[in-house]
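One structure is given below, encoded as structure tokens.
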2 protein chains.
Amino acid sequence: MADIARLAGVSKATVSRALNRSPLVNEETRTRILELASSLKYTINIGAQNLRLKQNRTIGVVVPYDSATRQHLSDPFFLSMLGSLADALTERGFDMLLSRVDAEQLDAAAMPFDTGRVIGLILIGQWRHHDQLNQLAARHVPIVVWGAQLPQQLYTTVGGDNVSGGMLATEHLIAAGRRRIAFFGDIHLPEVAQRYSGYCNALAAHGLPLDPQLRVSVSFLPEGGDQAVREIERRAVPYDAAFACSDLLAMTAINTLRALGKQVPDDVAVVGYDDIELSTYFHPPLTTIRQPIRAAGQALVGALLAIIDSKPAGSLQLPTELIVRATSS
Amino acid sequence: MADIARLAGVSKATVSRALNRSPLVNEETRTRILELASSLKYTINIGAQNLRLKQNRTIGVVVPYDSATRQHLSDPFFLSMLGSLADALTERGFDMLLSRVDAEQLDAAAMPFDTGRVIGLILIGQWRHHDQLNQLAARHVPIVVWGAQLPQQLYTTVGGDNVSGGMLATEHLIAAGRRRIAFFGDIHLPEVAQRYSGYCNALAAHGLPLDPQLRVSVSFLPEGGDQAVREIERRAVPYDAAFACSDLLAMTAINTLRALGKQVPDDVAVVGYDDIELSTYFHPPLTTIRQPIRAAGQALVGALLAIIDSKPAGSLQLPTELIVRATSS
């Protein structure tokens, strides 16, 4: 208050009267003092705004975590995606603000944008909250999501073609003479649901029955592959192949199959998903569906920068590819 | 200027005269106007300062890149370290600002701190610029570095015990009856230099000669393992084992040895370094030196937060451990 008084050239008493709207202070002086007071806050906003609009070259990358499992950030696919995004952002002179949010509260992902720390957001995975992401888009938060393209989607997605990925994997196993193909994955996750519908399409196309007993719902955690194999053994349904929705699930499943004395691929053929780096080194080298991770980083950043420049950015589906190695034939 | 005039209760002409130090403006008024002018800038600084000291819960993580190779951020050890840091920061309610700098200009790593975007920095690796890191510490940039503890070090490091790591690997190969042990790594990097001195110590302790022909200098890029094997074959020096300074180098070396018709471990025993996740899945499963990556993230964040709270944080060396699998015996 002393500052305001000195700067306005009046007494502190006058300032306090003015702030309290006292009639003892004439109109002109009161206006000056109120403006002066607010102008000090105002200039801070100006500063923040400049920071946000001009100097800020930071993009937010949000990797949700499953609050149930409190999953560590160790999934090789997520980590490769982070590396790919970091490379794509560095090439364009941007920094990356990495934050994690509870997968049940994806809307919390907007905070770094709402507080002016980032100019846009890239979110890895839709999890179960398409609705929350639509709300973010509805209030014009610049956001691009790695994931599946869904009906009534207001936000932009970049993702792999999950339906054809699921079909490629299943067609390949059918071509290898397999008829009882297990599916390992949680179809409540949009990308997994699309891979499953590709699996169903392929079975139908070859007149093979769809046996719900062959679908085992497991998370993407490393132990998921082990759980899936033990569960299907518990169900005692015959199976001669497994399509796992990540390479990590496929690898941990194969290790458990080996532990149970089953030969891969002779007794059970296995196809994974992602084509993470270690799938080539795995023994036996893993047949999988390749997701174009490097292209994904470039596409996510490109789409987000377009949105930030208020240019149209349609959702993008990147092609997936069957990589045949030794676990399926 | 109109604003200043209105707020000071004087004419624009008076403001411009005051700013130009004109004698036509009396002392008191000039002082008021100059203060008012500067106070507008000043309040922005206040705003930035509050942002930095109070609201800012962001830590900068810097992963340098080798400008020569323009290396992608795909090294599994770096990626696991990022995941471990992200987990440690998330648990404590901090976000992570990831940036990359040219490994020849590590001092550029301070920019996110100097611009008030982060309250401290974690840098992965010293590369060749101990000197630049000392300069950062000398000007009180809160920074913790993952790497080797070096003489005349002003900054705090957290790292694995590289000397005993190198000794453990070499002692193990000697115990397995190997006498001509190749070393794959670039000893211009402090951590590699310490692993090499551990290697030298172990040889000396067993009265084995140190043959410089057995040391091949390669980068940490995946192709390094292939290059190292081809180089030592070109030199035509006999060797019955190889100690590679990363698991990735060890794996690519083993694949090249296999391609050249050499059996691992029968013809050449191999030990890697890091114990990245895929080393257990590798075929044959890789003998390696484990770096405690999860503990590393916690230790790096803990040390940095101590420094930010102006508490003493000495450099920390985490124990390394020999993990014997199938590539060495």
Side-chain angles (χ1 to χ4, degrees), chain A residues 3 6-10 28-29 31-33 35-36 39-48 50-51 55-56 58 60-61 63 65 72-76 78-80 82-87 89-90 95-100 112 115 117 222 248 251 255 276-278 281-285 294, chain B residues 3 6-10 28-29 31-33 35-36 39-48 50-51 55-56 58 60-61 63 65 72-76 78-80 82-84 86-87 89-90 95-100 112 115-117 222 248 251 255 276-278 281-285 294:
Chain A
D3 287 347
R6 197 176 66 261
L7 294 170
V10 300
E28 180 269 341
T29 310
T31 319
R32 264 204 306 134
I33 290 168
E35 271 193 63
L36 186 48
S39 77
L40 296 175
K41 239 203 287 76
Y42 177 71
T43 55
I44 293 175
N45 298 346
I46 289 290
N50 289 340
L51 202 67
Q55 290 143 260
N56 191 332
T58 307
V61 173
V63 182
Y65 58 82
H72 282 305
L73 186 43
S74 59
D75 183 285
F78 280 174
L79 290 176
S80 316
L82 280 187
S84 166
L85 284 166
D87 289 332
L89 290 168
T90 303
D95 288 331
M96 168 171 135
L97 181 75
L98 178 66
S99 55
R100 308 203 66 193
T115 55
R117 288 154 65 212
L248 206 57
M251 291 173 185
N255 289 339
I276 58 173
E277 191 178 23
L278 65 92
Y281 299 122
F282 187 72
H283 177 69
R294 189 144 302 283
Chain B
D3 287 346
R6 196 177 65 260
L7 294 168
V10 299
E28 180 271 339
T29 310
T31 317
R32 268 202 307 131
I33 289 168
E35 271 193 63
L36 184 49
S39 78
L40 295 175
K41 236 201 285 85
Y42 177 71
T43 55
I44 293 178
N45 300 346
I46 289 291
N50 288 342
L51 200 68
Q55 291 141 264
N56 191 333
T58 308
V61 172
V63 182
Y65 57 81
H72 283 306
L73 186 43
S74 59
D75 182 285
F78 280 174
L79 290 176
S80 315
L82 281 187
S84 167
D87 289 331
L89 290 168
T90 304
D95 288 331
M96 169 172 135
L97 181 74
L98 177 67
S99 54
R100 307 203 67 193
T115 55
R117 289 154 67 210
L248 206 58
M251 291 171 184
N255 289 339
I276 58 175
E277 192 178 23
L278 66 90
Y281 300 125
F282 187 72
H283 178 69
R294 189 146 301 286

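We name chains A, B, ... by the order of the sequence lines, and we start the count at 1 in each one.
With chain B as the partner, the residue from A/V63, A/L79, A/V10 showing the most heavy-atom pairs under 4.5 Å is A/L79.
In this structure, A/N56 CG and B/R117 CZ are separated by 6.5 Å, a value rounded to the nearest 0.5 Å. A distance of 7.0 Å separates CG in B/L278 from CD in A/E277, rounded to the nearest 0.5 Å.
Here the closest heavy-atom approach between residue B/R6 and residue A/R32 is recorded as O-CD, 2.7 Å. B/D95 and A/S99 get closest at one heavy-atom pair: OD1-CB, 3.1 Å.
Of the two parts of B/L82, neither the backbone nor the side chain holds a non-hydrogen atom closer than 4.5 Å to a non-hydrogen atom of chain A. Of the atoms belonging to A/L248, it is side-chain heavy atoms, and not backbone ones, that fall under 4.5 Å from chain B.
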Audit row: B/R100, A/L89, side chain to side chain contact (heavy atoms under 4.5 Å, CB included) steps and yes/no: CA-CA 10 Å; B/R100 307 203 67 193; A/L89 290 168; over 6 Å; no
Residue pair A/L98, B/L98: steps toward the side chain to side chain contact (heavy atoms under 4.5 Å, CB included) verdict: CA-CA 7 Å; A/L98 178 66; B/L98 177 67; 5.7 Å; no
